[in-house]
2 protein chains.
Amino acid sequence: MARTPQDVTDAELALMHQLWDAGPLTIRQLTDALYPGGGPSQYATVQKLLERLEDKDYVLRDRRTNIHVFSATVDRDGLIGRRLQSIADKLCEGSLAPILSHLVKGNLSAKERLSLRKLIDELDDTPRR
Amino acid sequence: MARTPQDVTDAELALMHQLWDAGPLTIRQLTDALYPGGGPSQYATVQKLLERLEDKDYVLRDRRTNIHVFSATVDRDGLIGRRLQSIADKLCEGSLAPILSHLVKGNLSAKERLSLRKLIDELDDTPRR
DNA sequence: AGGATAGTAAGACAGTTTGTCTGATATGTC
DNA sequence: GACATATCAGACAAACTGTCTTACTATCCT
């Protein structure tokens, strides 16, 4: 059957957003932020979601401290990249070029075109990272 | 709980690819293409997938003919657009700009930069379509 | 006309995924 | 030692997704 699960689930994504915005956090901190006034059940939910994120290597758990601290191993831009590649794989035979051209052709104001051109100029100067 | 289902499923996407590449098709034609040598079960599977795609308005069913003919209502580029917007909504507060800059910054050869610049030039000439 | 053939229609079904929760067990503090 | 708070392990139901069965209808052929 081979279904393809989501890379990061909606509920998991909420945690990632928190970790991205507020740095390494504990389960307690995450629970308070995402389920204000939540009880032990919500705490456990956050814990389970973090466990799954850790399994998928989207999150790192620091076990040295007694109370574990979690941090994102993939940043926002990294996740954007993975999802873009996924679109490319499924719809563009793996190439990102059609996506880029879709975006450029799609909806780009004159101002955006200008800043985009400038961005390309910078890349010309900085040959390769 | 509110899980968000996929816009187009993997199995459904296979049908879309076929419809994009080979124009309007019947269930039989789709079955033969995707499940070569498939029996009535596979036929029914294709039928069910088409029914779901029709419900989601990704496919149009022509019922005038006795044997229904199916065609895509969203083209490849359209689906790319929807998925890009979905990424933007979940990761960039709805804006496509960060995605564009990700792609441009990411991995772009000198040649690609050149053709991209040319593409922008064309857009400057063709003010707004 | 009558039966084989092929189509549509409706829904059952199981395996996963995903969000949520419960209970058991440690660990540290006062 | 009691208590609050952690971790750990796993149960659970709802929904999603791919697949299949069955019933019914229309067409074609000799």
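Here is how names work: the chains are called A, B, and so on, in the same order as the sequence lines, proteins then strands, and each is numbered from 1. The basis for the numbers below is simple: all heavy atoms, side chains too, and nothing from hydrogens, waters or symmetry mates.
- Of the candidate nucleotides C:dT18, C:dG11, C:dT20, C:dT18 has the atom lying nearest to any side-chain atom of A:Gln6.
- The side-chain heavy atoms of A:Ile99 and A:Gln85, taken from C-beta on, include no pair separated by under 4.5 Å.
- Computed from coordinates, the A:Leu49 CG to C:dT17 C1' distance equals 13 Å when rounded to whole Å.
- B:Tyr35 and B:Leu13 fall within a single hydrophobic cluster, where Ile, Leu, Val, Met, Phe, Trp and Tyr are joined by side-chain heavy atoms under 4.5 Å apart, directly or via other members.
- In this structure, the CD atom of A:Gln42 is 8 Å from the P atom of C:dT20, given to the nearest Å.
- Summarising the geometry, the separation between NZ on A:Lys48 and P on C:dC21 is reported as 14 Å, rounded to the nearest angstrom.
- In this structure, A:Glu122 contributes its side chain and A:Leu119 its backbone to no donor-acceptor pair below 3.5 Å.
- Within a heavy-atom distance below 4.0 Å of DNA chain D, the residues of residues 14-41 of chain A found are A:Ile27, A:Arg28.
- Using a 4.0 Å heavy-atom distance criterion, A:Ala11 is classed as a sugar-phosphate-only contact.
- Residue A:Gln47 places no side-chain N or O under 4.0 Å from the OP1 or OP2 atom of D:dA6.
- The CD1-P distance, from B:Ile67 to C:dT5, rounds to 16 Å in whole Å.
- Looking at A:Thr73, its side chain does come within 3.5 Å of a backbone N or O of A:Asp57 through a donor-acceptor pair.
- Among A:Arg52, A:His17, A:Lys56, the one residue that satisfies the side chain to side chain donor-acceptor pair (under 3.5 Å) test with A:Glu12 is A:Lys56.
- Under the 4.5 Å side-chain contact rule for hydrophobic residues, B:Trp20 and B:Val46 share a cluster.
- Less than 4.0 Å separates DNA chain D from at least one heavy atom of each of the following residues of residues 51-66 of chain A: A:Arg61, A:Arg63.
- Close to C:dT20, at under 4.0 Å from its OP1 or OP2, lies no side-chain N or O of A:Tyr43.
- With hydrogens and angles ignored, a donor-acceptor pair under 3.5 angstrom links the side chain of A:Arg3 to the base of D:dC16.
- Each of A:Glu12 and A:Ala44 was matched to the nucleotide of DNA chain C holding its nearest heavy atom; the match closer to the 5' end belongs to A:Glu12.
- Using cut-offs of 30° and 60° on the angle between ring planes, the pair A:His68 and A:Phe70 is tilted.
- The side chain of B:Pro5 sits closest to D:dC16 out of C:dC21, C:dA9, D:dC16.
- Taking 4.0 Å as the cut-off between side-chain N and carboxylate O, B:Arg82 and B:Asp89 do not count as a salt-bridged pair.
- Rounding to the nearest 0.5 Å gives a distance of 9.5 Å between CG of A:Leu116 and CZ of B:Arg117.
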